[in-house]
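The structure appears below as structure tokens.
Quick caveat: nothing in here was measured; it's all calculated off a predicted structure. We use all heavy atoms of the structure for the numbers below, so side chains are in, but hydrogens, waters and symmetry mates are not.
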Amino acid sequence: MTKIYLTNTKTRRKAEFTPLDPANVRMYLCGPTVYDRAHLGNARPVVVFDVLYRLLRHVYGPDHVTYVRNFTDVDDKIIARAAEAAVAGDSRPMVEIIHTLTDETIGWYHDDMDALGALKPTHEPRATEYIGQMVAMIEALIVRGHAYAAEGHVLFDVRSYPEYGALSGRSVDDMIAGARVEVAPYKRDPMDFVLWKPSDAGVPGWDSPWGRGRPGWHIECSAMSDALLGPSFDIHAGGIDLQFPHHENEIAQSMCVHPEAGFAQVWMHNEMLQVEGKKMSKSLGNFFTVRDLLEKGVPGEVIRFVLLGTHYSKPMDWTEKKREEAEATLAKWRELVSGVDANQIPDPAVLEALSDDLNTAGAIAALHECENSGNVAVLKASARLVGLLEDGMGEWAVARSAYYALKSVLVARAKARANKDFKTADKIRNVLSEFGISLEDMPDGRFKPKLDAIKVFEHFNALPLQEKRAFIGDDSYMEGSKVSVFLVTNAYQQMVSKKILEALK
RNA sequence: GGCGGGUUGGCGGAGAGGUUACGCAGCGGAUUGCAAAUCCGUGAAGACCGGUUCGAUUCCGGUACCCGCCUCCA
């Protein structure tokens, strides 16, 4: 069996991964708080740990891995966003606005992560479905002397858990030294964090032994992982910014409820995505969403490739150059493997790279080696280990080199070339190139059109809604909804084709 | 202030204590109506200063710079 090595944030070491139960390998990834579209930084852990999920399924068998990724659908940011909507004129009750907001955001999230080729986790629990378990857990913490109720709040007593700070490598005293924590009179210690807080009327709340209220951040992940994976499981993952306080608090909560269990064996954290050398984050406002990219015409598969091009433990910059290179490489590979049977054993070098702490950049290098050695069937099979070159994700590549829509222009140019009318032939090629379509002459006299998807979508996005609908021939198309890359590029090529033929008359 | 991470060739980006990473770009050649593509070949690195070693870009220590967390964040 393939040995997998993973870096454990808890021990700061890379070690061989040994599941608690090889028949049921369990991993948990902290999912989004659902009040807004996912930005590209949110996509990194999803894609990275999707590869881990695929690797585990490959090694232990698809039926022997349980993957949980939650939705946090109760949170003050959600309430704040709903309040904005109310101010903006939404007259429905707050709870209803919130429900619509979270449902809609979850739908977007699914659309966007699907586009990136992320497999569906085994379970995608919503926090609001686990309020009962959270209350039970908080009660247990109080009984065990790790939490206390005060003024409608329930707080975790960090001094009651000597290990607090072990994951992030800091002591409670260190943290207080440079602290910017909320100092509330009802806190025994400034570092104590909220497990439960009171809800005013008009804000989501649930009945509890401490009055009507809602859970604090952190507790939902402890409750959901416990309910779906048990008190001990294998891997807990998330962005490095969650290491503290979120994961530290999760550990405190879970370990104090189940001191006999080990909670997560391995903690994995991905580094941040950067823009111009700075972390991409909502608070800095320097983010763009996955949807922004998709609408610009960047295929999800290309985004995935770029995200996997840097090891998860290092910060990465999203750049236009990376996007271009990724698209060129994938387009080449898709052409090479089209029609090839992928029912092959993946390249051992790819598997080895992935098994070595999820070295996706190394795996991609190994895929290049597959290409160089001419083994396209193995290339295809191996690429699927990292979720690339999958069926159903290559529509963009077909559209990119589609002949159909340009057929009449291509025929016209072939005739011109046959007649040694190079002036016309070159004119056609030049005009095509102005529209972002480059034409390569092949040795056998045929051509290979390639088009710049970004340019195509710039054209499409600039059109008013009515013209967009006419352009792609879909009356039901709505602004912001999903649109087929194939449809758009095809329509674009037809338009260009028509213009050139008119000009030649 | 506390804690953690990073610094590799023109660019991106890995592994390995001694042997070609890989990709893109470049350069040379083949091919070509032209352009592109393709194929073959090829140069180029390890922030700085010490230490360990027969040998370090790889291990250890220090310096500089950059970044993250400590406040909502993947």
Donor/acceptor link under 3.5 angstrom from A:R44 side chain onto base of B:A74: no

Gap between atoms CZ and C1', on A:R323 and B:G12 respectively (whole Å): 15 Å

Distance in angstrom units between A:L336 CG and B:A37 P, rounded: 16 Å

Touch class at under 4.0 angstrom, heavy-atom based, for A:F422 against every strand present: base

Rounded distance (Å) that lies between atom P of B:G33 and atom NZ of A:K420: 7 Å

Intermediate values then yes/no, side chain to side chain contact (heavy atoms under 4.5 Å, CB included), A:H218 and A:Q253: CA-CA 8 Å; A:H218 321 306; A:Q253 293 161 166; 3.5 Å; yes

Touch class at under 4.0 angstrom, heavy-atom based, for A:L439 against every strand present: base

Under 4.0 angstrom between A:K314 side-chain N/O and B:G5 OP1 or OP2: no

Nearest-angstrom distance, C1' atom, B:C3 to B:A14: 28 Å

A:H269 and A:F244 aromatic centres sub-6.0 Å: no

A:F244 CZ to B:U71 P, straight-line distance once rounded to whole Å: 6 Å

Sugar-phosphate only, base, or nothing, as touched by A:G165 at under 4.0 Å among non-hydrogen atoms: nothing

Geometric cation-pi criterion A:K282 and A:Y35, 6.0 Å radius, 45° cone: yes

Aromatic ring pairing A:F156/A:F193, orientation class (parallel under 30°, perpendicular over 60°, tilted between): parallel

Atom P, compared across B:G61 and B:C66: separation rounded to whole Å: 23 Å

Interatomic distance, A:H218 NE2 vs B:A74 C1' [rounded to whole Å]: 15 Å

Residue A:R170, side-chain atoms from C-beta onward, closest of B:C34, B:G2, B:A74: B:G2

Nucleotides 16-32 of chain B: protein proximity per nucleotide (B base, S sugar-phosphate only, - neither; heavy atom, under 4.0 Å): -----BSBS--------

Closest-nucleotide ordering on RNA chain B, the 5'-leading residue of A:Q274 and A:G238: A:Q274

Integer angstrom distance from the P of B:G9 to that of B:A44: 14 Å

First encountered from the 5' end of RNA chain B, between A:R417 and A:K322: A:K322

Sugar-phosphate, base or nothing in reach of A:S168, heavy atoms under 4.0 Å: sugar-phosphate

Donor-acceptor contact present, side-chain A:S254 to main-chain A:I251, <3.5 Å: no

Exercise: do A:T102 and A:R126 side chains pair donor with acceptor under 3.5 Å: yes

Under 3.5 Å: donor-acceptor pair, side chain of A:S382, backbone of A:D347: yes

Polar side-chain contact A:D426-B:G33 base: donor and acceptor under 3.5 Å: yes

Aromatic ring pairing A:H247/A:H236, orientation class (parallel under 30°, perpendicular over 60°, tilted between): perpendicular

Pairwise P distance for B:C24 and B:G46, with rounding to whole Å: 23 Å

Span that lies between the P atom of B:G10 and that of B:G6, in whole angstrom: 23 Å

With A:L307, the side chain to side chain contact (heavy atoms under 4.5 Å, CB included) member among A:T360, A:L273, A:V48: A:L273

Between B:C40 and B:C22 - P atom distance, rounded Å: 13 Å

B:C72 base / A:S283 side chain donor-acceptor hit below 3.5 Å: yes

Sugar-phosphate, base or nothing in reach of A:L284, heavy atoms under 4.0 Å: nothing

Whole-Å C1' distance, B:C60 and B:G2: 24 Å

Touch class at under 4.0 angstrom, heavy-atom based, for A:H311 against every strand present: sugar-phosphate

Nucleotide nearest A:R413 (side chain, heavy atoms from C-beta), chosen from B:G33, B:U7, B:A74: B:G33

Touch class at under 4.0 angstrom, heavy-atom based, for A:G309 against every strand present: sugar-phosphate

A:K279 NZ - B:C67 C1' separation (whole Å): 11 Å

Protein-nucleotide distance (A:K450, atom NZ; B:A35, atom P), rounded to Å: 18 Å

Donor on one side chain, acceptor on other, A:R291 and A:T289, under 3.5 Å: no

Flag for A:T66-A:T122: side-chain donor and acceptor within less than 3.5 Å: no

Sugar-phosphate only, base, or nothing, as touched by A:T310 at under 4.0 Å among non-hydrogen atoms: sugar-phosphate

For atom OH of A:Y164 and atom P of B:C70, their distance in whole Å: 12 Å

Watson-Crick or G-U stems involving RNA chain B, each at least 3 pairs long, distances under 3.5 Å, ordered by first number: B:1-7 with B:64-70, B:10-12 with B:22-24, B:26-30 with B:38-42, B:47-51 with B:59-63

Exercise: do A:D50 and A:Y67 side chains pair donor with acceptor under 3.5 Å: no

Between B:A45 and B:U20 - P atom distance, rounded Å: 14 Å

